[in-house]
Structures are given as structure tokens and as C-alpha cells.
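A short worksheet on the structure shown next.
Letters A, B, ... are given to chains in the order of the sequence lines, protein chains preceding strands, and every chain is numbered from 1. Source: prediction; values computed, not measured. Keep in mind that the numbers below use all heavy atoms, side chains included, and drop hydrogens, waters and symmetry copies.
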Amino acid sequence: MLSLTRIRNNPDQIKAGLEAKNESIDLDKILKLDEEHRDKIHQLNEMRAERNRASEAIAEAKRAGKDSDDAIAAMRKVSDAIKDLEKEVSNLGQTLDEQLELIPNIPHDTVPVGQDESANQVIREWGEPLAADFDIKSHVEIGLELNLFDLERGSKISGSGFPLLTGLGAKLERVLINYMLELHVQKHGFTEIFPPFLTRAEAPRTCGQLPKFADDMYYIEKDDLYLIPTAEVPVTNIFSDEIMDEGDLPGNYAAYSACFRREAGSYGKDTHGLLRLHQFNKVEMVKFVEPKTSYDELESITSQAEEVLQQLGLHYRVVALSTSDLSFAAAKCYDLEVWAPGEGKWLEVSSCSNFEDFQARRGNIRYRRTADKKVDFVHTLNGSGLATPRLMVALLETYQTPDGKILLPQVLHEPMGQEVLG
RNA sequence: GGAGAGGUGGCAGAGCCUGGCUGAAUGCGCCGCACUCGAAAUGCGGUAUACACCUAGUGUAUCGGGGGUUCGAAUCCCUCCCUCUCCGCCA
């Protein structure tokens, strides 16, 4: 949520930002609504002030034992008028809020400007692509041959997009999750969280999934609960409606969760194998930081996510998303894309974003500054660290051998209890 | 699922029956000053947020959310949400 003051004071800057994000929002309409709203509030305040003065006089008279029937009769009319105006003001305010909730965050100055994803910038590339002198297989082939997963039976049980991992595939999934969590908790000092997987509407509202992207979420009508699309949702809301101490910042939290996405509108896209699923596993990092540090923290959370790929020895690149490719709530975002030699393409395995105070405003997440004791909104960031399905794809395809086996990277030998699959 | 209790400021906790200088006692915390070589203890003072404007100030709103009664609601009524306790059921 953008602050109205910011919109009011920098309408041109906001308009430019919205345009860069390919958003068509009638800001002038909102500004006009805001003006009308404030105008009515002003009127209302004056009427209320009058009422308060009169009530006080009536109270005084009553204490003195005098009667004030005339004054009461007069105030009755004022009171009715106040009620009408109150209704008007609250309707205006509600409309205004609904409009504000649909305004996305504004891109940071350093975000590359562009009409589509071709404007995204590759910031750096790490490692080398697999150079094989044999026919490279896709993860689907490998998985089927080695019985790591059974997508047909997964579909039988739950429909397409719900993977069934089996045997060593299931174990590899568990090992990867655990490995990533340990890295962030032990080495990077994150606090481990195991969050609820179903939340109230307020939680995705804070993060920006609601109200605009309701169709992408699984919803349990009977209990009015949403399945989380990422652990970002419950973890970001840990401190909603709270005032943190400056000493609590930066607050670094890492959480595993299953993630549920309806992927409405993306049917027929990346349906192949594990590339796009309705349910998947992810380790997510969330940071609550002081505003002035948030862009440094964005760099740091990105490198913390990169470290997973480096330790697994996977070829990847860091991409700065352009204005048009930024998500609704993000002011700046780096994607981590891992190279999948079997697919022959880069796969997004992580998104590291700075939301500035956008989510903090929606969720009312604040902190008290030590210096002047004032309360201000924190900045929130998050980064996948990482999502497993595409990581698994890259891993299987990168470490395949000519004889159809998987030679696991060093760091997985001990937790897997073996060096080779197959 | 059944029965009961409760939701008040950064926190704890009065006020609600008996509506009227109650934005809200008191305590803790925090800040300033005094005392001190310094600290603790003590004393004095201060300490919510948002919005607006005729901006050393003033006004309005906010006691879980919404609605109602009333000249006037933290206080009365309705409704929704949430938390806790006990019983039942269950992993």
C-alpha cells in the first residue's frame, strides 16, 4: 500500500512508476476522491466540534442543576446531520481504500525500465554449463528411469501439478529442504520458523496477493482460510499490527513450507515434468529491516540464496527484473535462474525482493526508533532459498552420467547416505 | 461440538453496574532534570497514534470490528470476529 501523502505529494512520480510497470490506474480519479474525502472530513470535524462544545455545556448545566431542553433540541438536528455526513465520509473512505489496495508498489530508481522481460538485466553468471559428449536427458526421463517420482499416479490422486515423489526422489527432496534450512539457520543466522500453511485473508492481503490475485490462491470456503502460496505469507505476518523494537531489526527468519498455487491463467505453460506445479516445497527467507538498510539487505539476501546454488555446484545467473516484470508488491527484485541442461533453459528458482514499506503498511508492521522514540514502518524483504522442484530438475539434469545415473554433488553425499543414484 | 470468562495505551491493569472536563487512574518500561566522582536507589517533570487546518497552536477520531440508543458512549443495546478456561471428541 502506498501512503496517500506520497501519492498526493508526488503524483507525477507515481504515475511514471505505474506506467513503467504497465499498470493502467487512473490516479487522477483517486486524487479527486481523496480531495472530496478530506473536504467532507473537514466539514464533519467542524460539526463534531460544535456538538462536543454543546455537549459539554449541557453537562455543565446539568451539574449546576439547570435544565437545557432547548440546547438538547437544537443539538438533535446537528446530530442527525452529522450521522448523514458520517455515512458519506465512510463510504468515500471505503471506496478510496479499495482503490489504494489495487495500486502496486513503485519501482526503485535502480530498476531497469522496460516494456517486457527482454529489458531484464543479467547481473552476473556463476559456474559453467554442463559440457557433455552424450545425449543429455530431461529430468522427466531420468526421474522415471530411476523411480524418483511418479507423476501419473500423482495426477491420479490429486490431478496434474501434484507431484508424487517416491523412494530416493522423496528422500532427495527431504534432504534438500533440510540442507537449505540448515545453511540459512546455522551459517546465515536466520531464526527458524515452521509456519501454519493455512491463513486468514489478512495475511495474503498484507503481502499483496489479495485482493487482486484471489484466483491464484486455494481457498477453503467452509473455514474462510487460504492455503499459502509461499511461507512469505505467514512469516511476514508474524509481526502484523505490532510495534517491534529497533533492537529486533534486522529480523531474519527462514521457514520451510509447502506452497499451493492454482496457477490460474498459466495452463498449458511449462506443464512438462516438475517445471510448474500446484504444490511444491520451498525454503523462504524473510527480513524485517530498518528502511535505510533495505537495499543493502536486498544484496545480502540475494547472495544468501545464491550460496545454495554455489554449494550444489549449479550453473546459475542473477537477473534484475525490469519494471514491467516486477511483481505487484516489489520495488526491486532479483531472480535467480539455474541452468537446466536437459530442458536447455534457465529456470527461475528464487525471487529476492525488497518491498520497502509496501507490505509493512498493509500489515501495519512498525518499529520504534531508538534515537527519537518515534514509530515508523519497517521495510520487508524476502527471498526464496530455494524452491525445490526446479532445483531438483537442474540437479538431476546437471549431474547425470552417460550410463543414466546421478552423481550427487559432494555436499549431499553425507545427508543422502550415498554418492550415486541409480 | 457443549458451557463459561474476557478483549482498554509500549506492557500490565483500573474504569463499565450508577453514560457527561476519562485520551483514559495506577504500576512497569522509556526520556529529561535533580541528588552522585559515577551508578543504583530516591524525588520532580514528561511520555499514544492518525488525519486536518487559520501550524510556537488548535480541532477531530481512535478503549477488538461493525451497527444502534442518546444532546453526549470505553461505559447501555444488537451483531460479527478473536482469545482464554472447563467438558466432550480426536491425531
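- Among the protein residues, A:Asp245 comes within range of no part of the nucleic acid, since none of its heavy atoms lies under 4.0 Å from any strand.
- Between A:Val233 and A:Cys207, the shortest heavy-atom distance links the atoms CA-SG, 3.8 Å.
- Between A:Tyr399 and A:Gly313, the closest heavy-atom pair is OH-O, 3.2 Å.
- Across all strands shown, B:C86 pairs with B:G2; the Watson-Crick or G-U wobble distances both stay below 3.5 Å.
- Minimum atom distance to the side chain of A:Lys83 is reached by B:U70, of the listed B:U70, B:A52, B:A61.
- Ring orientation note: the planes of A:His108 and A:Tyr295 are close to parallel, at an angle under 30° on the 30°/60° scale.
- Comparing B:C51, B:C82, B:A61 against the side chain of A:Thr5 picks out B:C51 as the nearest.
- Searching all strands for a Watson-Crick or G-U wobble partner of B:C51 with both distances below 3.5 Å returns B:G59.
- Nearest approach of A:Ala255 to A:Val235, heavy atoms of both residues: CB-CG2, 3.7 Å.
- The residue A:Arg8 sits close only to the backbone: its heavy atoms come under 4.0 Å of sugar-phosphate atoms, none of a base.
- Within 4.0 Å (heavy atoms only), A:Ala54 reaches no atom of the nucleic acid at all.
- Heavy atoms from other residues, nucleotides or ligands lying under 6.0 Å from CD of A:Glu152 number 12 at most.
- As judged by a 4.0 angstrom heavy-atom cut-off over every strand, A:Arg53 is placed among residues making no nucleic acid contact.
- The side chain of A:Ala59 approaches B:G20 more closely than any other nucleotide in the set B:G20, B:C71, B:A52.
- Taking a pair to require two hydrogen-bonding distances under 3.5 Å in either a Watson-Crick or a G-U wobble arrangement, B:U75 remains unpaired.
- A:Ser79 has a side-chain polar atom (N or O) that falls below the 4.0 Å cut-off from OP1 or OP2 of B:G72.
- Not one side-chain nitrogen or oxygen of A:Lys40 sits closer than 4.0 Å to the OP1 or OP2 atom of B:C51.
- An OP1 or OP2 oxygen of B:C71 is reached within less than 4.0 angstrom by a side-chain nitrogen or oxygen of A:Arg76.
- Under the Watson-Crick or G-U wobble criterion, with both distances below 3.5 Å, B:C44 is paired with B:G32.
- Taking 4.0 angstrom as the limit, A:Asn45 places none of its side-chain polar atoms (N or O) nearer than this to OP1 or OP2 of B:A61.
- To the nearest 0.5 angstrom, A:Glu419 atom CD is 7.5 Å from A:Leu407 atom CG.
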Check the interface with nucleotides 46-50 of chain B: list each N/O to N/O pair with the protein under 3.5 Å, or write none.
none

